[in-house]
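Inspection log for the structure reproduced underneath, given as structure tokens.
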Number of protein chains: 2
Amino acid sequence: MPETGMCACETVYVDKEKVQAVQDNISPDETLHVLANTFKLLGEPTRLKILLALSIEELCVCDIASLLGITRSAISHQLRLLKNSRLVKFRRAGKMVYYSLDDQHVKHLLRDGLEHLRD
Amino acid sequence: MPETGMCACETVYVDKEKVQAVQDNISPDETLHVLANTFKLLGEPTRLKILLALSIEELCVCDIASLLGITRSAISHQLRLLKNSRLVKFRRAGKMVYYSLDDQHVKHLLRDGLEHLRD
DNA sequence: ATTACATGTGAACATGTGTTCAATCGTTTG
DNA sequence: CAAACGATTGAACACATGTTCACATGTAAT
């Protein structure tokens, strides 16, 4: 005896209204991809550590490399990604380039993330 | 003429104090990996869409699969990851399993992330 | 018990990605 | 100009990961 659709499964008399309602309430795919990309950038230990370090103090590539114990090149690659997504900004000072967080939103995300761990 | 250390680079008379100070102020590596893992889970379009959908309404695997247009199996795999990291919880109802967000922290992270996009 | 069906799992594949090495760019200094 | 040095870039490699297919599990109904 078929129930009134509770699920989108094939064999049930489907009530697609619920699914459609949710579909309509979530952001468009393009927005989701941008958001996912932001979270993904925060989702790697190396980049996360870079961002947390920059949330404390402005640092140059060398500082970060020595901080994380990996190549300056690797840091530079990651900083480029963070730069492209406007998570960090930079400032030239002679031969060196100093990086810092681009806006406060990033700092908030980091803070909220850390708060999430305490429960 | 060497400046007083402004950077951790090899050739400068290094003042490692700044680097050390930052080193001491960021969370231990274990914490960072847990946090990074949380962000990483949010950092994939599929999972992000799952979580956003669940932030609106409790859904079963079939609903989500029909929502995203990918295999039930794929959804199940992703839900397992989200379950293991306590981002979602589930409830059995007969043959079906209904999923929902585990706690409010996830919802907050999603909200903050979306806010971050508006600037 | 046997069928039906929603969900879960394991293996395999394709794809994405972080790191390193080598070479180059940009700036400063001799 | 040439040398020194910090930063960047590109190619290549190793590795992680998301999806699918086929099969297993668990629950409900006949």
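Each chain gets a letter, A, B and so on, in the order its sequence line appears, and its residues count up from 1. Not measured: the values here are computed from a predicted model.
- Protein atom CD1 of B/Ile75 is 13 Å distant from nucleotide atom C1' of C/dG8, rounded to whole Å.
- Between B/Lys83 and B/Asp102, none of the side-chain N atoms (NZ, or NE/NH1/NH2) sits under 4.0 Å from a carboxylate O, so this pair counts as no salt bridge.
- Contact of B/Ser76 with C/dT9 (side chain to base): no donor-acceptor pair of N or O atoms is detected under 3.5 Å.
- Looking at A/Ser73, its side chain comes within 3.5 Å of the base of D/dT9 through a donor and an acceptor atom.
- For A/Arg91, the side chain to side chain donor-acceptor pair (under 3.5 Å) test picks out A/Glu58, with sequence neighbours left out.
- The side chain of A/Ala74 lies closest to C/dT20, out of C/dA6, D/dA7, C/dT20.
- Rounding to whole angstrom units, CG of residue A/Leu41 and P of C/dG18 are separated by 8 Å.
- Using a 4.0 Å cut-off, no side-chain N or O of B/Arg92 falls inside it from OP1 or OP2 of C/dT7.
- Comparing atom distances between the A/Cys60 side chain and each of D/dA7, C/dT7, C/dG26 picks out D/dA7 as nearest.
- DNA chain C is contacted by both B/Glu44 and B/Lys83; B/Lys83 maps to the nucleotide lying nearer its 5′ end (nearest heavy atom per residue).
- Listed nucleotides: D/dA7, D/dG18, C/dG26. Nearest to the side chain of B/Leu81: D/dG18.
- Between the C1' atom of D/dG18 and the CG atom of B/Leu42 lies a distance of 16 Å, rounded to the nearest Å.
- Every residue two or more places apart in sequence or in another chain that forms a side chain to side chain donor-acceptor pair (under 3.5 Å) with B/Asn37 is listed here: B/Ser85.
- The separation between A/Arg72 atom CZ and D/dG10 atom P is 19 Å, rounded to whole Å.
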*Between B/Cys7 and A/Cys62, does a disulfide bond (SG atoms under 2.5 Å apart) hold up when you go through it step by step?*
CA-CA 7 Å; B/Cys7 167; A/Cys62 246; 4.1 Å; no
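- A salt bridge between A/Asp103 and A/Arg86 is absent, with no side-chain N of the basic residue lying under 4.0 Å from a carboxylate O of the acidic one.
- Ring pair A/Phe90/A/Tyr99 is tilted by interplanar angle, where 30° to 60° counts as tilted.
- In this structure, of C/dA6, C/dT19, C/dG8, it is C/dT19 that holds the atom nearest to the side chain of A/Ile70.
- In this pair, A/His77 lays its aromatic ring flat on the base of D/dT9, centres within 5.5 Å and planes under 30 degrees apart.
- Of the listed nucleotides (D/dA7, C/dT9, C/dT7), C/dT9 has the atom at the smallest distance from the side chain of B/Arg80.
- Residue B/Lys95 places its side chain closer to C/dC5 than to any other of D/dA7, C/dC5, C/dG18.
- Looking at heavy-atom distances under 4.0 Å, B/Tyr99 makes contact with sugar-phosphate atoms alone, never a base.
- Contact between the side-chain N/O atoms of A/Gln78 and the OP1/OP2 oxygens of C/dT17 is not found at any separation under 4.0 Å.
- Residue B/Thr71 places at least one side-chain N or O under 4.0 Å from the OP1 or OP2 atom of D/dT20.
- For the strand DNA chain C, secondary-structure stems (runs of at least three Watson-Crick or G-U pairs, all distances below 3.5 Å) span C:1-30 with D:1-30.
- Atom CZ in A/Arg91 sits about 17 Å away from atom P in D/dG6, given to the nearest Å.
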